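This structure is a prediction, so every number in the text was calculated from the model and none was measured. Order of the sequence lines sets the chain letters (A, B, ...), proteins ahead of strands, with each chain counted from 1.
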Amino acid sequence: MARKLFAVVAAGLFLASGSAMAQSVLRIGLNDDPDMLDPAPSRAYVARLVLTATCDKLFDVTPDLKIVPQLATGYELSGDGLTLTLKLRPNVKYSDGEPFDAESVKYNLERSMTLPASFRKAELTSIKSIDAVDPLTVRINLNEAMSPLVATISDRAGTMMSPKASKELGDRLGTKPVCAGPYTFVERVPQGRIVFQKNPNYWNAANIHIDRLEFHPILDSTVRLSNLAAGQLDMIERVSPSDLKQIRANPKLKVVGAPDIGYAYMQLNVANGPRAKTFADPRVREALDLSLDRETMVKVVFDSEYIAGNQWVAPSSEYFNKSLPVPKADIARAKKLLAEAGQPNLTFSLIVPPERDRQEMAQVFQAMAAEAGITIKIDTQENVAMLAAGIKGEFDAYLSFWSGRVDPDGNIYTFFTCKGSQNPSAYCNPAVDKLLDHARVVTDPAQRKKDYDEAAAIWLKDRPLLSLFYRNVFIAHSTRVQGFTPHPDGIIRVTGLKLAP
Amino acid sequence: MDLLGFALRRIGTIVPTLFAVSVLIFLLQQLLPGDPALALAGDERTPEVIEQIRQRYGFDKPLPVQYANWIGKAVLGDLGESYRTRAPVTKLIASTLPVTMELAVLAMLLALVTGIPAGVIAAVRDRRAGGTLVNVISLSGLSVPHFWLGIMMILLFSVDLGWLPASGYVPPWEDLGRNLITLIMPAIVLGTRVAAVLMRHTRSAMLEILQSDYIRTAHAKGLPQWRVVTKHALRNALVPVITLATIEFGYLLSGAVLTEQIFSIPGMGKLIVDAVFNRDYAVVQGVVLIAATLYIMMNLVGDLLYFVVSPRMRA
């Protein structure tokens, strides 16, 4: 009996190894478990990463943030900026055999704008109507000129899914996504792997070299790294700078990075409720700013793998302003300003989420500020609790990250305008509003940059938030993985990837 | 009192207990800091989006209404949908509970086959090298945190030696061999503490029994040592140990929470941790309710068995 069982087990193992040899499988470790695999109701970053394997978008973004064709082959913006015309790729089918055409693009955009569960509505409010002019031409009519729209449809809002599957599954489409991408959905094990199989009918199938993709959500970074080192995973995403040394020392692993498009910042409560009085005086905010030595912090906490900064876009962006250098710490001036403001013993509480990076950063800042006589009390609260406190105005200051958007508007508008949805400081300067509104309607990048430069010069003096540094997004992979190019959005593009035996 | 009457009376207490549990679960969640709508909104945290989420999931309604909506469906077997993935909670539990049960059963088996013999050795070899060694190992087993042990085992057996996979759970019906290979390390990590507990209890029970008169008699009759230990002493020592093992099984289910995180096993522990972090109340409520129900049912079965076995209960 025991021998029989052994034979069965051995045969099973043999078969499993046999089938693994026939098919190449790429296993990617994820930092979180994605929410819905449907771009309309999804909110998690990591869901974008997974969706990219199965769904093509109208446009994609290159490593240097240029917008390039994907399912659309090109676009044209009318002179008044009120009509956006898209040309579509011919002979493309969704993986269920439905044709990809202008009607389906219209359907997808309208779905994002109207589905009750959709979180894309706010991104698409500038759209008045959509016309399918002919099978390969779509005309988008706008209420107002909106320069960021093309960037928006190179992200989640431009993800195309089969209208037939969508009508069948409604807002549950994310449980079984059907798209026109490199891989087709196979299964999702709750709390476990998400599996995709190569799509033989993909328009760019010639450049897809791996048969099967598996995504494995693993929350702990040490465990993720061990799995990569042990060969259970082939790639891991968003690697922490503190793990880089270990990866670089391993000859079987490789790590590559790209500058992030977002920024880390300290939000200061300047006008939201009674707690705003600590930082109501701009001299106090300037004093805090001058007490923080960003370069040293980045060196100590992040081994200089990140870039110290004070702006709302990373130095790799064409909107970065070279004439606004990172301020040097100036303790004497900080003390003088505090004395002038009548708050020589400034004490405030800084809400910091419990994750290691932010805790260490907060401790370094605590020590730096102490030199200027500023007492920072670190108040550890989970990210969600921190954001809730922000909205209610129950905070002096907190440490946060913004993941960033391809169009600069996404990094600045909601943070600095009076009615901005991510402006918990209730900062309001009409001059900034006017410039940022203007940058939305003009299409000329040079003119937009001028607007942003002027606006930044104002808020850098007002300091409703202090931008601190820009991350690099690191992806680590086994040396078996070849042909990988990191992108600033951290999303793994599977096209062109190869797996050596 | 007859068995039926006893059973009915016990079942009668289950309904109010479950009701109290359900209210408690519901209220405790409300104490978690942070708005669930904000957690669900993620990067999209505009006031419109947050308001939309509140309406969609009924967070804008008064608490008693929210509770009534939930419990009304729950008694009909509908635990609602995950806020994050739209998957039915019953389906999530159905797919994760067997995984956790398998892990717990394997861990318990490991604990039984190592803990009890070790306890016997420690008792028989008391105050000698063998016994002391077993004692030291068991104390280490009790003191070592799961998380540390798990990572160390991954580093040794997966990264350095490459003998065992660090993750990649496969269901047994897909590939039993692979399933067991992926569960060896997690079962050891999870079973270590229980093995240590069982060992210590077996040891103390054995020590006591080995000094009793009937054991001396057995020795005097000229029975070989192994026979005295296994036949006469161990049998009696095992009664309290087995009771303990059933209690420890409940511990295994909760210990699985951490173990599943370390080895990324798609079980109920991982499900509830993720759900708490994401404020996925529907999932948290459903999982805790089911877990509590299971626990209460197990208690009921235990009580009924006692009733059948022990005449004293019937008086």
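- Proximity to chain A at a heavy-atom threshold of 4.5 Å picks out B:R84, B:T85, B:R86, B:L92, B:S95, B:T96 from residues 84-101 of chain B, in numerical order.
- With a 4.5 angstrom heavy-atom cutoff, B:E174 touches chain A only via side-chain atoms.
- Interface residue B:E81: only side-chain heavy atoms are found under 4.5 Å from chain A.
- For a residue to count as touching a neighbouring chain, one of its non-hydrogen atoms must lie under 4.5 Å from one of that chain's; by this rule B:L271 touches chain A with backbone and side chain alike.
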Stepwise side chain to side chain contact (heavy atoms under 4.5 Å, CB included) test for B:D274 and A:L219: CA-CA 9 Å; B:D274 287 0; A:L219 272 60; 3.2 Å; yes
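- The side-chain hydrogen bond (donor to acceptor under 3.5 Å, both in side chains) test applied to A:T152 returns no partner, not counting sequence neighbours.
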Trace of the side chain to side chain contact (heavy atoms under 4.5 Å, CB included) decision for B:F147 with A:D220: CA-CA 11 Å; B:F147 201 82; A:D220 185 83; 3.6 Å; yes
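- Contact of A:R224 with chain B is not made at all, since no heavy-atom distance falls under 4.5 Å.
- For a residue to count as touching a neighbouring chain, one of its non-hydrogen atoms must lie under 4.5 Å from one of that chain's; by this rule A:S226 touches chain B with backbone and side chain alike.
- With a 4.5 Å cut-off on non-hydrogen atoms, B:Y83 touches chain A through its backbone but not through its side chain.
- If you measure heavy-atom distances from A:D171 to chain B, the contacts under 4.5 Å come from both the backbone and the side chain.
- Only the side chain of B:I151 comes within contact range of chain A, judged by heavy atoms closer than 4.5 Å.
- For A:P34, the part lying under 4.5 angstrom from a heavy atom of chain B is the backbone only.
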